[in-house]
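Numbered from 1 within each chain, the chains take letters A, B, ... in sequence-line order.
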Amino acid sequence: MRIGYPCINRTLRCKADSAFRLSSYTEDRLILTVSSNLDCLEKILAFNSSKGILFFRITSDLVPFASHPVCKFDWQSHFKTRFSYIGNLIRAKKMRISMHPDQFTLINSVDRSIFARSVKELVYHAELLDLLGLDATAKVQIHVGGVYKDRPGSIQRFIERYGSLPEPVLRRLVIENDEKYPLSDCLAINRETGIPILFDKFHHEISNRGEGIPESIGLVSDTWDAGRDGLPMVDYSSQMTGERRGKHAFSLDERDFSTFLYSTRGYDFDVMLELKDKEESAMRALRVAFKDPRLVAI
DNA sequence: GGCAGTCAAGTACGC
DNA sequence: GCGTACTTGACTGCC
């Protein structure tokens, strides 16, 4: 088990997700921004490694507009050495990496042009992880997509479109249960496609068909090929008290996390903490999990 | 230098 | 049909 957090580090005074407006796009601006983002990514990874945080989600903004038609620049070749260097660092420290394209990436959109743009976006994510030299255990997670007032039809469209995705995307893509498509739907999609399921504990608590947390972890674990995909990934958050249902908590609820660790003790997986205070919660989670035999030691 | 409007992309929901 | 949440900051133009 590795423990991690997504995209942003609040301790270090640097950002790996600096971006700029489309209207101010120039090749020079892109090079400057990506260069600075990569420097910061390296600093974050070094920080994480020193704290025993071995799981990290790299921001989709690392290369702004990478999948947009405005970007004609061969950033892949230009930054090849930098990517390779950072990838070596990740592998040397035995860190796990994921990425999460945002809500605009939709495999099952009824609009084919949205699907086409989504494929470009997925290819960008896969290329980035390829440039880092990471194997297929580095995953790209997405949601199943929209419902479009026809759940069975939208699931079927996902399955059909999935089959047409390029191989570099297929080897990394995983789906995540959410309010719209709970675990049972994801499992049905897995049976047709073989796509691994990333279990989101928080979304599962909001939308489920009565499956308990340990049972669910067991079910999703079977969708990951240990040799190729690595350990299952799990997104962890809890409800912010007194807020709208579905709002992520600001910080780790140590008691809830401790209960979660205990109840899932029969399974091994990597945990991504989706909490606002990022590395702060990750470091607290590591202290909570200190004696857990699953924890990967640094 | 500071302020406030605005920012690539989509869906779903409430009014 | 429109505004807003999702999620959040920070870019950018303007004073």
Side-chain angles (χ1 to χ4, degrees), chain A residues 5-34 36-37 40-41 44 57-73 75 99-125 128 140-151 153-155 157-158 161 169 175-182 185 200 202-203 205-207 235-240 243-251 272-281:
Chain A
Y5 63 97
C7 306
I8 296 167
N9 180 297
R10 300 195 184 280
T11 306
L12 300 168
R13 254 177 293 162
C14 80
K15 285 160 45 63
D17 61 334
S18 286
F20 48 86
R21 300 281 166 87
L22 178 59
S23 58
S24 47
Y25 180 94
T26 63
E27 207 167 286
D28 287 346
R29 184 75 189 264
L30 181 75
I31 292 170
L32 274 173
T33 304
V34 175
S36 148
N37 284 348
C40 182
L41 175 64
I44 293 175
R57 184 184 298 163
I58 295 178
T59 173
S60 297
D61 277 337
L62 196 75
V63 184
F65 303 109
S67 74
H68 191 281
V70 76
C71 180
K72 303 272 197 285
F73 181 64
W75 55 271
M99 293 189 79
H100 191 343
D102 61 30
Q103 76 245 45
F104 312 109
T105 306
L106 291 157
I107 302 269
N108 79 342
S109 175
V110 285
D111 183 341
R112 278 206 83 89
S113 67
I114 290 172
F115 171 59
R117 283 197 290 278
S118 298
V119 173
K120 286 199 170 74
E121 182 71 357
L122 290 171
V123 166
Y124 152 62
H125 284 76
L128 197 157
V140 175
Q141 66 186 93
I142 56 164
H143 297 270
V144 175
V147 176
Y148 311 101
K149 295 177 181 162
D150 173 15
R151 177 176 303 272
S154 297
I155 288 177
R157 202 163 45 251
F158 181 96
R161 298 255 177 90
V169 172
I175 46 170
E176 172 185 357
N177 61 293
D178 59 20
E179 292 100 320
K180 288 191 218 124
Y181 290 101
D185 287 332
D200 186 309
F202 182 45
H203 285 129
E205 284 168 342
I206 292 166
S207 178
D235 280 358
Y236 174 95
S237 179
S238 44
Q239 172 68 38
M240 186 183 278
E243 277 285 347
R244 175 187 52 75
R245 203 169 88 116
K247 180 115 176 161
H248 287 252
F250 182 81
S251 188
M272 178 66 63
L273 302 174
E274 295 194 315
L275 295 157
K276 303 280 178 242
D277 66 353
K278 306 288 177 181
E279 74 280 6
E280 193 60 40
S281 277

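Here the side chain of Arg10(A) pairs a donor or acceptor atom with the backbone of Lys276(A) at under 3.5 angstrom. Looking at Tyr181(A), its side chain does come within 3.5 Å of a backbone N or O of Gly146(A) through a donor-acceptor pair.
Both Arg10(A) and Ser24(A) sit near DNA chain C, but only Arg10(A) has its closest nucleotide nearer the 5' end.
Between dG5(B) and dT4(C), the distance separating the two P atoms is 13 Å to the nearest Å. Nucleotides dT7(C) and dG3(C) have their P atoms positioned 22 Å apart, rounded to a whole Å. dT11(B) and dG9(C): their C1' atoms are spaced 22 Å apart (whole Å). Separating the P atom of dA8(B) from that of dC14(C) is a span of 16 Å, rounded to the nearest Å.
Judged purely by distance below 3.5 Å, without hydrogens or angles, the side chains of Glu121(A) and Thr105(A) never pair a donor atom with an acceptor atom. Looking only at atom types and distance, the side chain of Ser154(A) has no donor-acceptor partner in the side chain of Arg151(A) under 3.5 Å away.
Residue Lys120(A) contributes atom NZ, which lies 16 Å from atom P of dA9(B) at whole-angstrom precision. What separates CZ of Arg117(A) from C1' of dT11(B) is a distance of 14 Å, to the nearest Å. With rounding to whole Å, Arg21(A) atom CZ is found 9 Å from dG13(C) atom C1'. Computed from coordinates, the Lys15(A) NZ to dT7(C) C1' distance equals 13 Å when rounded to whole Å. Going from atom CG of Leu275(A) over to atom P of dT7(C) covers 12 Å, rounded to whole Å. The separation between His143(A) atom NE2 and dT11(B) atom P is 14 Å, rounded to whole Å. Atom pair Asn37(A):CG and dA10(C):P shows a separation of 12 Å (rounding to whole Å applied). Atoms CD1 (Ile107(A)) and P (dT11(B)) sit 13 Å apart, rounded to a whole Å.
Dashed line: the shortest gap from a side-chain N or O of Lys276(A) to OP1 or OP2 of dT8(C) is under 4.0 Å.
Phe104(A) does not qualify as a stacking partner of the dG10(B) base, lacking a centre-to-centre distance under 5.5 Å together with planes within 30°.
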Practice item. Evaluate the ring-ring contact (aromatic ring centres under 6.0 Å, His included) criterion for residues Trp75(A) and Phe65(A): first the C-alpha distance (whole Å), next the side-chain angles of each, then the deciding distance (0.1 Å), finally the verdict. Key: CA-CA 11 Å; Trp75(A) 55 271; Phe65(A) 303 109; over 10 Å; no
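Counting any heavy atom pair closer than 4.0 Å across all strands shown, Ser109(A) reaches sugar-phosphate atoms only and no base atom. Looking at heavy-atom distances under 4.0 Å, Tyr148(A) makes contact with sugar-phosphate atoms alone, never a base. Within 4.0 Å of Val147(A), counting heavy atoms only, lie sugar-phosphate atoms of the nucleic acid but no base atom.
Partner assigned to dT7(C) is none, using Watson-Crick or G-U wobble distances below 3.5 angstrom. The nucleotide dA9(B) finds no pairing partner, because no Watson-Crick or G-U wobble arrangement with both distances shorter than 3.5 Å includes it.
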